[in-house]
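Shown next, in structure tokens, is the structure this report addresses.
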Number of protein chains: 2
Amino acid sequence: MAPPPKNTNGLASQRHAGRRQVLAVIRKAGQIARIDIADRITGSPATVTAITAELLDEGLIEEHSPKTPPSSSPRGRPRVALKIRGDAHILAGIKVASHAVSLCFLDFEGRGRGEFETRMPRSALSTSEMVAFLHETLTKACIANGLSLDSLSGVGLGVAGIVDAPRGLVYWSPTLTERNAPLRDHLAEILPMPVFIDNDANLVAKAEQLFGKGQGVRDFIVVTIEQGVGMGIVIDDRIYRGTRGCGAEFGHTKVQLDGALCRCGQRGCLEAYVADYALLREAGTLNLPDAPHGQLDALFQAAKGGNETARSIFHRASRMFALGLANIINIFDPKLIILSGERMQFDYFYAQEVLDAVKTSVLQIDAPLPDIRIHKWGDLMWAKGAAAYAMEGVSDISVQEIGKNVG
Amino acid sequence: MAPPPKNTNGLASQRHAGRRQVLAVIRKAGQIARIDIADRITGSPATVTAITAELLDEGLIEEHSPKTPPSSSPRGRPRVALKIRGDAHILAGIKVASHAVSLCFLDFEGRGRGEFETRMPRSALSTSEMVAFLHETLTKACIANGLSLDSLSGVGLGVAGIVDAPRGLVYWSPTLTERNAPLRDHLAEILPMPVFIDNDANLVAKAEQLFGKGQGVRDFIVVTIEQGVGMGIVIDDRIYRGTRGCGAEFGHTKVQLDGALCRCGQRGCLEAYVADYALLREAGTLNLPDAPHGQLDALFQAAKGGNETARSIFHRASRMFALGLANIINIFDPKLIILSGERMQFDYFYAQEVLDAVKTSVLQIDAPLPDIRIHKWGDLMWAKGAAAYAMEGVSDISVQEIGKNVG
DNA sequence: ATATTTATTTTAAAGGTCTAATTAAATCAA
DNA sequence: TTGATTTAATTAGACCTTTAAAATAAATAT
């Protein structure tokens, strides 16, 4: 007779998939009764009972009785709603920009638990300086918000540049003086919790997926404009990263042969027409007055005031932006494009003019254009995305732990 | 006591996944022993034995002893190789072009079992005319190759235009006079086997994935140039179709604001610079001599002979093509791009000049450019793709049948 | 109270996969 | 030739998961 086999459970252990799925359904629904979960995962109530029992046990979810959901008839045993237990985990999200670092805390339900912001000592740091600086910043942020470092279950980090997320490498970033920096692992060495790192545009996509306008949409695209132009691609509910794991370089897509000079050194990049520096570069000849909100705002005011040169700057940028968007639509045919950002660009770019230009540049069939929506987040958009990314990672870890605890 | 539960087997019936996986591994390997299969699917030998027994039973695979694979030591029980059983199914692939219909038969191993070609009566037909014409053509092709219509297990159909593959609808095609034609279902009504239909570029991608240079590559992109410019996207081993299920419209990607007029009615499309008609349009002013292989060949000869005008036509097309490719690379960062086709364009376009231009237009990091490979298929490339698509569909159906036979 | 209705949990059968043991089929060594 | 050795494939039995069906729970309606 064979001795009891080890609990390796081999292969594609259905349970993991089930647990993940149930957790995702609960997160998406906010609160939901077991029987409705069973419905959505095409599993039986019995299975849902088993899985939710584990998740309750682990403290990842909780029952939520107060208001019976107004569904169905008032007869019969009332359904008891389940929800994510916010206190299960607290995540930190950090966004590193060239001038400042912003940080936020999110609980497991996605609710804000604190914010923090600080200046960068210099616009670019070495890897070890960056690690020390982030450690210090995170510690300060915890203190400022009455949290202990140990109470955090995970940290998400977003940086501009080219990042290999699965390996935690930063191939290149404007905020780092070194290339190919193993930033994640260096951080993880001095922090007591897991660290996740990604390109900032991908993180915004993740935030849109979990908390924003991408909820429940399997395929969508997020475009951000600011210092540069970023893009995040979600296909089949997952962030698409190319071969090298770096984000899509929409900003360096060419919209003009031998066109405007880009800061990447090439010509004709979309970024060279629509990013901050591109607009300001053209505005340079205009001799603008000082404006309270900077030169870009001054340019905007001038355009609004009827200055033809200023208007033509925005006009060209709009048309190029529309062309870039149209190309994305022609290639992906997405259901939804989210223009996500905090800056003023969208005030010009998301004009009827742009939409019309997109429309005339997309190969028309009977179906309508994809939904193009703007989402103006606050300053914390990027940091929230980073925290969302950490939440996903911690969620996976928690779910995997369950299997081990049993064995 | 509960009566024996029905064999609904619900949820993600692991077995299906397993069977599919094993079949895919065998197909990819050509021939492979059970123990090696176990290795590649991270399953146990026991499971592989069980699954392969089913597949053998069903006649989808067969043992293949003759030459012991030279692997490992010569000691021990020799491994017996398994392979796909070619006779398990015969598939037809049909490619409809504006001037001709080409057709091929493939067996379940992917070996050619016959070919056929015929002219289209007119360049565009109504749906019912098309159905009748295809039925007639398929019947003739069977007779010409000593096959009976009943012996076919599936038919794949590729058409240019915009196709909703899952629903079998042709929204628009240059070969159909009607829009929104339910071509698949109409065909399936008069044919005794399942019918699959898709955009032709997607089918070429499928052919590359199953038989060509895309074997074993999870993510790659196929570009075709001919009448138009097509693109097929494979992500995560699956063909990516946008929201409306239509192929990526790479050809109508804009490479120039207010650029050359495209036959789609818009301006600046890539197609308007590199497709047949675009080259010929420019050549029109050149007063070329008649050439045995048509005007396009005459243009090519002129360019080769040093005619500056002819050369400049190709030069511009090359640069635009490079720009389009660079955009694809910037967006997808694919591991591999396959330039797939039968026509002469690649003789010019795949020049060092193009590669260099791509290189200078891609955002450089330390990693090298993606592999860009040309694959010149014969005339039957498109039809083979269609047959490959049918093979995949029939494969799925066969695998699903197994479960039912048991119950 | 009791019946009815609906949600959840329990129970037991069915079907998977896995480990370990066994059997099969070859070579190697005397 | 025979037995040891080696490697592949199959079989046996443990264990895990899911599911249908039965049982239980918790409410309203009568």
Side-chain angles (χ1 to χ4, degrees), chain A residues 1-19 21-22 32-39 41-57 63-65 67-82 402-404 406-407, chain B residues 1-19 21-22 32-39 41-57 63-65 67-82 402-404 406-407:
Chain A
M1 220 163 307
K6 273 173 275 171
N7 183 15
T8 21
N9 205 5
L11 208 52
S13 172
Q14 297 151 278
R15 239 332 161 36
H16 276 166
R19 285 190 273 251
Q21 224 183 134
V22 167
I32 183 173
R34 290 174 179 82
I35 194 167
D36 293 323
I37 298 175
D39 225 52
I41 66 168
T42 40
S44 71
T47 303
V48 172
T49 290
I51 290 178
T52 54
E54 289 176 335
L55 297 177
L56 281 165
D57 235 47
E63 297 197 338
H64 180 77
S65 34
K67 284 288 168 205
T68 313
S71 66
S72 69
S73 75
R75 305 270 239 113
R77 178 174 176 171
R79 40 188 69 184
V80 358
L82 299 171
I402 295 176
K404 288 180 193 162
V406 174
Chain B
M1 219 163 309
K6 272 173 276 170
N7 183 15
T8 22
N9 205 5
L11 208 53
S13 172
Q14 295 151 279
R15 239 337 162 32
H16 275 167
R19 284 190 274 249
Q21 224 182 137
V22 168
I32 184 172
R34 290 175 179 80
I35 193 165
D36 294 323
I37 298 175
D39 225 52
I41 68 168
T42 39
S44 71
T47 303
V48 173
T49 290
I51 290 178
T52 53
E54 288 176 335
L55 297 177
L56 281 165
D57 236 49
E63 298 197 336
H64 180 77
S65 34
K67 285 287 168 207
T68 313
S71 68
S72 68
S73 74
R75 306 269 242 116
R77 175 175 177 170
R79 41 187 69 186
V80 356
L82 298 171
I402 296 175
K404 289 181 193 161
V406 173

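Residue numbers begin at 1 in each chain, while the letters A, B, ... track the order of the sequences.
Evaluation of the side chain to side chain donor-acceptor pair (under 3.5 Å) rule for Ser44(B) yields Thr47(B) as partners, not counting sequence neighbours. Considering only residues two or more places apart in sequence or on other chains, Ala50(B) meets the side chain to side chain contact (heavy atoms under 4.5 Å, CB included) condition with Arg15(B).
Nucleotide dA26(D) holds its C1' atom 14 Å from the CZ atom of Arg34(A), rounded to whole Å. Put simply, CZ on Arg19(B) is 11 Å from C1' on dG16(C), counting in whole angstrom units. Atom P of nucleotide dA9(D) and atom CG of Asp36(B) are separated by 8 Å, given to the nearest angstrom. Rounded to a whole Å, the CG atom of Leu56(B) is 9 Å from the P atom of dT10(D). Taking atom CD on Gln14(B) and atom P on dG15(C), their separation rounds to 13 Å, with Å as the unit. The distance from atom CD1 of Ile41(B) to atom P of dT17(C) is 9 Å, rounded to the nearest whole Å. Distance, Ile32(B) CD1 to dA9(D) C1': 15 Å, rounded to whole Å. The CD-P distance, from Glu54(B) to dG16(C), rounds to 7 Å in whole Å.
One finds the CG atom of Leu82(B) at 10.5 Å from the NE2 atom of His64(B) (value rounded to the nearest 0.5 Å). Annotation: the span from Thr52(A) atom OG1 to Asp57(A) atom CG amounts to 10.5 Å, rounded to 0.5 Å. Taking CD1 of Ile51(B) as the start and CG of Leu56(B) as the end, the distance is 12.0 Å to the nearest 0.5 Å. Arg79(A) contributes atom CZ, which lies 4.5 Å from atom CG of Asp36(A) (distance to the nearest 0.5 angstrom).
Out of dT18(D), dT9(C), dT10(D), the shortest distance to the side chain of Pro45(A) is found at dT9(C). Closest to the side chain of Thr47(B), from the set dA7(C), dT17(C), dT19(D), is dT17(C). For Arg15(A), whose side chain is taken as the heavy atoms from C-beta onward, the closest listed nucleotide among dT19(C), dT17(D), dA7(C) is dT17(D).
Among the atoms of the strands shown, only primed sugar atoms or phosphate atoms (P, OP1, OP2) are found under 4.0 Å from some heavy atom of Val80(A).
Residue Ser44(B) places none of its side-chain N or O atoms closer than 4.0 Å to OP1 or OP2 of dT17(C). Phosphate proximity of dA9(D) to Thr49(B): absent, as no side-chain N or O sits under 4.0 Å from OP1 or OP2.
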N/O contacts under 3.5 Å, protein versus nucleotides 25-30 of chain C?
unit_1  : atom_1 : unit_2   : atom_2 : d
dA25(C) : N3     : Arg77(B) : N      : 3.3

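By the 4.5 Å heavy-atom criterion applied to side chains, Val48(A) and Ile35(A) are not counted as neighbours.
The 5' end of DNA chain C is approached more closely, in terms of each residue's nearest nucleotide, by Thr52(A) than by the other of Thr52(A) and Ile51(B).
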